[in-house]
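Before any comments, here is the structure.
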Amino acid sequence: MKSFNLRQLKLRPGEEHRDEIQLDLEPFELGGERYLPVPDTVPAELAVTKATTGTVFRLGFTTRLHGPCYRCLEDAVLEVPIAAREYQATDPEGSDELRNPYLDADNLDLALWARDAVALALPDKILCRADCAGLCPVCGKDLNEEPHTHDEATTDSRWSALESLREQL
Ligand SMILES: [Zn+2]
Ligand SMILES: [Zn+2]
């Protein structure tokens, strides 16, 4: 489901409509990388509550995003729980704050809403694990698999060569 039509609801003030829906999710881009929701359809709960002054919309679901780790480019999986809320005043009087941006006439754009809600919930950087060491900036090797540093490493080996030379003298 990508959108929801409110026309059939006909809620009166104080009434709530709850729906278990199958929500279609789109891929995300973050820092130039693509993150795919797997699966791309998830069960979601949509609640529409009518009050005298307006209508509250709530959307809840959890998505699993697959994509490259920001540091080491290996596969990273991120679980993102979403609890989004929007409000539409019965009489918004031109105020954007009282308007649900995903509502166009009776059509609620779930795909766009879900996308924005996930984008807001994402961390700055998606990592394969919190302490990912990343790639070596000098040689590009994965520092998780081969922890090393360059300057010290070369200096160390030079010194140890010198040390062994001195031992031979
Ligand atoms: Zn990583
Ligand atoms: Zn290196």
Side-chain angles (χ1 to χ4, degrees), residues 1-4 18-49 56-88 96-97 99-104 107-169:
M1 187 183 272
K2 285 183 163 54
S3 64
F4 183 81
R18 268 176 192 272
D19 230 344
E20 281 286 332
I21 58 167
Q22 291 297 317
L23 181 65
D24 290 322
L25 297 170
E26 291 167 14
F28 292 86
E29 284 212 5
L30 186 70
E33 302 288 353
R34 246 169 112 80
Y35 294 87
L36 295 174
V38 181
D40 59 5
T41 302
V42 292
E45 189 173 81
L46 175 68
V48 182
T49 315
V56 177
F57 301 84
R58 277 172 294 152
L59 182 65
F61 63 95
T62 296
T63 177
R64 282 167 70 90
L65 293 178
H66 289 236
C69 169
Y70 177 83
R71 290 190 193 140
C72 74
L73 302 178
E74 289 295 315
D75 287 341
V77 180
L78 185 72
E79 199 152 289
V80 191
I82 300 295
R85 190 180 178 280
E86 287 292 338
Y87 178 72
Q88 169 81 27
D96 280 347
E97 273 174 41
R99 222 182 271 279
N100 178 347
Y102 309 108
L103 192 62
D104 183 13
N107 193 57
L108 182 61
D109 192 335
L110 294 172
L112 197 63
W113 187 11
R115 204 189 150 87
D116 286 355
V118 172
L120 285 173
L122 289 179
D124 294 344
K125 299 175 173 84
I126 292 176
L127 301 175
C128 60
R129 56 175 205 245
D131 63 346
C132 171
L135 299 178
C136 172
V138 179
C139 70
K141 278 184 189 163
D142 191 334
L143 291 172
N144 297 306
E145 286 164 16
E146 273 182 64
H148 65 274
T149 47
H150 281 270
D151 288 339
E152 285 168 41
T154 38
T155 328
D156 282 351
S157 60
R158 230 177 269 149
W159 279 115
S160 58
L162 213 69
E163 286 295 326
S164 56
L165 206 69
R166 193 179 292 160
E167 276 164 28
Q168 285 166 23
L169 292 173

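Numbering of ligands and ligand atoms starts at 1, following listing order.
Ile126 is not listed as a side-chain neighbour of Tyr70, based on a closest heavy-atom distance of 4.5 Å or more. Looking only at side-chain heavy atoms (C-beta outward), Phe57 and Tyr102 stay at 4.5 Å or farther from each other. Using a 4.5 Å cut-off on side-chain heavy atoms (C-beta onward), Thr62 and Val42 make no contact. When side chains are defined from C-beta on, Val56 counts as touching Arg85, because their heavy atoms get closer than 4.5 Å. Inter-residue side-chain proximity for Ile82 and Leu59 is flagged as unmet; no heavy-atom pair is nearer than 4.5 Å.
Side-chain atoms of Asp24 never come within 3.5 Å of backbone atoms of Thr41 as a donor-acceptor pair (strictly under, hydrogens ignored).
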Could you list the donor-acceptor pairs under 3.5 angstrom formed by side chains in residues 25-39, with sequence neighbours left out?
from	atom 1	to	atom 2	distance (Å)
Glu26	OE1	Arg115	NH1	3.3
Tyr35	OH	Pro68	O	2.7

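Atoms of the protein (N, O or S only) found under 2.8 Å from the Zn ion (ligand 2) are Cys136 SG, Cys139 SG, His148 NE2, His150 NE2.
Of all protein N, O or S atoms, those under 2.8 Å from the Zn ion (ligand 1) number 4.
Residues passing the side chain to side chain contact (heavy atoms under 4.5 Å, CB included) test with Leu143 are Ala133, Cys136, His148, sequence neighbours excluded.
Counted within 6.0 Å of CG on Asp116, heavy atoms from surrounding residues, nucleotides or ligands total more than 12; the atom is thus considered enclosed.
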